[in-house]
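The first residue of the sequence shown is numbered 1, and numbering continues consecutively from there. Just so it is clear, the structure is predicted and the values come from calculations on it, not from any experiment.
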Amino acid sequence: MREYRLIWMALMALAVAIGVTTPSHAITGIVRVTVAKAGLIVGAGGGKGVLTYRHRNYPFTVQGLSLGLTAGASINKLVGRADYINELGDFSGSYSMVGGGAAVVGGVSGVQLKNDKGVIITLQGPKAGLEVSANITAVVITLDQSHSTPN
């Protein structure tokens, strides 16, 4: 009888340990986006991209506004990832970032954005154009779930 009790207690401890160490269900998606940006003091930009999430491609649009030191124009083709997506709807919304960068005819651009649902988008890639910036940026991403395609 004592052996059964020890086995039962060991199984219960194992079940509790497994329940405590269950990983988050958040998934990482792959992001590809092209954004055109121009401005002097206040900058504006927009573009299109694709989120690859759970073996499907979802198109989205990007609209942004920056305030601060912004001068010039650039085209950014960025690739990266979107972390901490619990459900597809978490990707859409308003994102913010603080950063700076420069491109003279060509260069490398990098950005990290975060929304209020906890999704963090990290992007990098080549930048073409002439732009110097050190600003606060707000970005709105609108996901088009009706036009998804298999990956």
Original post:
Run the side-chain contact (heavy atoms from CB on, under 4.5 Å) check on L78 and V111 step by step: do they pass?
Top reply: CA-CA 9 Å; L78 305 169; V111 65; 4.3 Å; yes
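In this structure, CG on L123 lies 6.5 Å from CG on L113, to the nearest 0.5 angstrom. Atom CD1 of I30 and atom CG of N151 lie 9.5 Å apart (nearest 0.5 Å).
Checked against side-chain hydrogen bond (donor to acceptor under 3.5 Å, both in side chains), T52 has the following partners two or more places apart in sequence or in another chain: R32, N57. Judged as a side-chain contact (heavy atoms from CB on, under 4.5 Å), and not counting sequence neighbours, the contacts of Y53 are I27, L51, Y58, I85, L88. In terms of the ring-ring contact (aromatic ring centres under 6.0 Å, His included) criterion, residue partners of F60 (sequence neighbours excluded) are, by chain and number, F91. Judged as a side-chain contact (heavy atoms from CB on, under 4.5 Å), and not counting sequence neighbours, H55 has no contacts. Remark: T34 pairs with I75, K77 by the side-chain contact (heavy atoms from CB on, under 4.5 Å) rule, at least two apart or across chains.
Of all the heavy atoms in A82 and V119, the pair that sits closest is CB-CG1, 4.3 Å. Residues P59 and H147 approach most closely at CD-O, 3.5 Å, considering heavy atoms. Smallest separation of non-hydrogen atoms from S94 and V140: OG-CG2, 3.9 Å.
Within a 6.0 Å sphere centred on CD of Q145, other residues, nucleotides and ligands contribute more than 12 heavy atoms. No more than 12 heavy atoms of other residues, nucleotides or ligands lie within 6.0 Å of NZ in K114, so this atom counts as exposed by the packing criterion.
By the 4.5 Å heavy-atom criterion applied to side chains, I141 and I121 are counted as neighbours.
Sorted by first and then second residue, the pairs that involve residues 83-93 and meet salt bridge (charged side-chain N to carboxylate O under 4.0 Å, His left out), not counting sequence neighbours, are R81-D83.
Between the side chain of K48 and the backbone N or O of V35, no donor-acceptor pair lies under 3.5 Å.
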